[in-house]
Amino acid sequence: MDSIIFDLDGTIWDSCDTVALAWNSVFKQNKHVNKEVTKNDVQNVMGLQTPEIGKKLFPKLDADTREQLMMTCGAVENKYIEQYGGKLYEYVEDALKKLSKKYRLYIVSNCQDGYIEAFYTYHQLEKYFSDYENPGRTGLSKAENILLIMKRNQLSNPVYVGDTIGDGNAAKIAGIPFIYAQYGFGKAIEFDHVIENFSQLLELFE
C-alpha cells in the first residue's frame with residue numbers, strides 16, 4: 001500500500017450541526033421553502049451528491065428552483081464551515097500526523113466545490129494531504145474521482161476509507177480495498193477491514 005484516500009463526512013469529521021445552521025439560514029429567506037432541517041436530517045443525506053440531496057429534501061420543487069436553492073445552500077454552507085468548522089472524530093489529527101509520515105493521504109468526498117477547502121481552513125489539516133477531489137469540481141461520481149486522484153498522483157496501491165455502502169461501492173468500482181469506518185453515519189456490508197475509531201488505522205498500517 002502506498003497511499004490512503006479518505007471520505008470526509010462521517011469518516012474524518014461530523015459537520016452536521018454547522019451544515020444544518022447554514023441550510024436553515026437559507027431556507028428562512030426563500031419563499032419556496034417552508035422547512036427547517038435538524039442535524040439528523042442532514043446526517044441522513046450526508047454522502048449523497050448535491051442534486052440527490054435536493055431531490056430527497058425537496059421532491060415537490062421544480063428542478064430549476066431546487067438546483068438554485070442547493071447552490072445557495074452550498075455557498076452559504078462553505079462560509080459557515082470556514083467560520084465554525086465541525087467536530088473532528090477522536091484521534092484524527094494525531095493519526096493523520098503519524099500516517100502522513102509513511103503514506104500519501106488524499107480526500108475524495110461527494111461535496112460541493114469549496115467544502116474541503118473550508119474544512120482545511122478551519123481545522124488546519126491541509127498539511128497532511130497531498131490532493132483532494134469532489135464532484136463539485138469535476139461533475140464525476142465518487143469512483144471516478146478516486147480513479148482521477150489515482151491517475152493524477154500516480155498511485156499504485158491505495159485504499160479507501162469511508163463509512164457508507166456508497167463508499168464501499170466506489171472503492172469496488174475503482175478496484176481498491178475498502179476500510180469501513182463503523183463509527184460514521186452509514187452502514188456498509190462488504191469491506192476488507194473495519195475500524196471502530198480513527199486511531200485503529202495506525203494498528204492496520206503503521
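Not one N or O on the side chain of Arg152 forms a donor-acceptor pair closer than 3.5 Å with the backbone of Asp131. Under a 3.5 Å cut-off, the side chain of Asn24 and the backbone N or O of Glu36 do not form any donor-acceptor pair. In this structure a side-chain-to-backbone donor-acceptor pair under 3.5 Å is present from His123 to Gly86.
In plain terms, the two heavy atoms of Ala143 and Ala174 that are nearest each other are O-CB, 4.3 Å. A pairwise comparison of heavy atoms in Ile116 and Glu133 identifies CD1-O, 3.9 Å as the closest pair. Across all their heavy atoms, Pro135 and Asn110 have their closest contact at CD-CA, 3.6 Å. Taking all atoms of both residues into account, the shortest heavy-atom contact from Phe198 to Ile12 is CE1-CG1, 4.1 Å.
The side-chain heavy atoms of Thr164 and Lys187, taken from C-beta on, include no pair separated by under 4.5 Å. Using a 4.5 Å heavy-atom threshold, the side chains of Ile195 and Gln182 count as separate.
If you look at Tyr103 and Tyr128, their ring centroids are not closer than 6.0 Å. Aromatic rings of Phe129 and Tyr106 (six-membered ring for Trp) have centroids beyond the 6.0 Å cut-off, not under it. In this structure, the ring of Trp13 has its center no less than 6.0 angstrom from the ring center of Tyr89.
The aromatic rings of Phe27 and Phe58 sit perpendicular to each other, their planes meeting at more than 60°, with 30° as the lower class boundary.
Counting non-hydrogen atoms of neighbouring residues, nucleotides and ligands closer than 6.0 angstrom, the NZ atom of Lys151 reaches no more than 12 such neighbours. The environment of Met71 atom CE is sparse: at most 12 non-hydrogen atoms of other residues, nucleotides or ligands sit within 6.0 angstrom.
None of Ser130, Pro158, Ser156 except one satisfies the side-chain contact (heavy atoms from CB on, under 4.5 Å) rule with Ser3; the exception is Pro158. Residue Ser15 is tested with Leu8, Leu88, Ile81 for a side-chain contact (heavy atoms from CB on, under 4.5 Å); the sole match is Ile81.
Comment: Asp7 engages Lys142 in a salt bridge, judged by a side-chain N to carboxylate O separation of less than 4.0 angstrom. A salt bridge links Asp14 to Lys39: one of the charged nitrogens lies within less than 4.0 Å of a carboxylate oxygen. Salt-bridge formation is not detected for the pair Asp62/Arg66: no Lys NZ or Arg NE/NH1/NH2 atom is positioned less than 4.0 Å from an Asp or Glu carboxylate oxygen.
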Exercise. Go through Ser141 and Glu144 one step at a time and tell me if the side chain to side chain donor-acceptor pair (under 3.5 Å) criterion holds.
Key: CA-CA 5 Å; Ser141 69; Glu144 290 169 323; 3.1 Å; yes
Exercise. Show the numbers, then the answer: is there a side chain to side chain donor-acceptor pair (under 3.5 Å) between Gln112 and Asn134?
Key: CA-CA 7 Å; Gln112 71 274 12; Asn134 60 72; over 6 Å; no
Self-check item: Stepwise ring-ring contact (aromatic ring centres under 6.0 Å, His included) check, Tyr120 with Tyr132
Solution: CA-CA 11 Å; Tyr120 283 158; Tyr132 64 92; 5.7 Å; yes
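A donor-acceptor pair shorter than 3.5 Å cannot be found between the side chains of Thr38 and Asn40.
Met150 and Phe205 fall into different hydrophobic clusters, defined by Ile, Leu, Val, Met, Phe, Trp and Tyr side-chain heavy atoms under 4.5 Å apart, directly or through other members.
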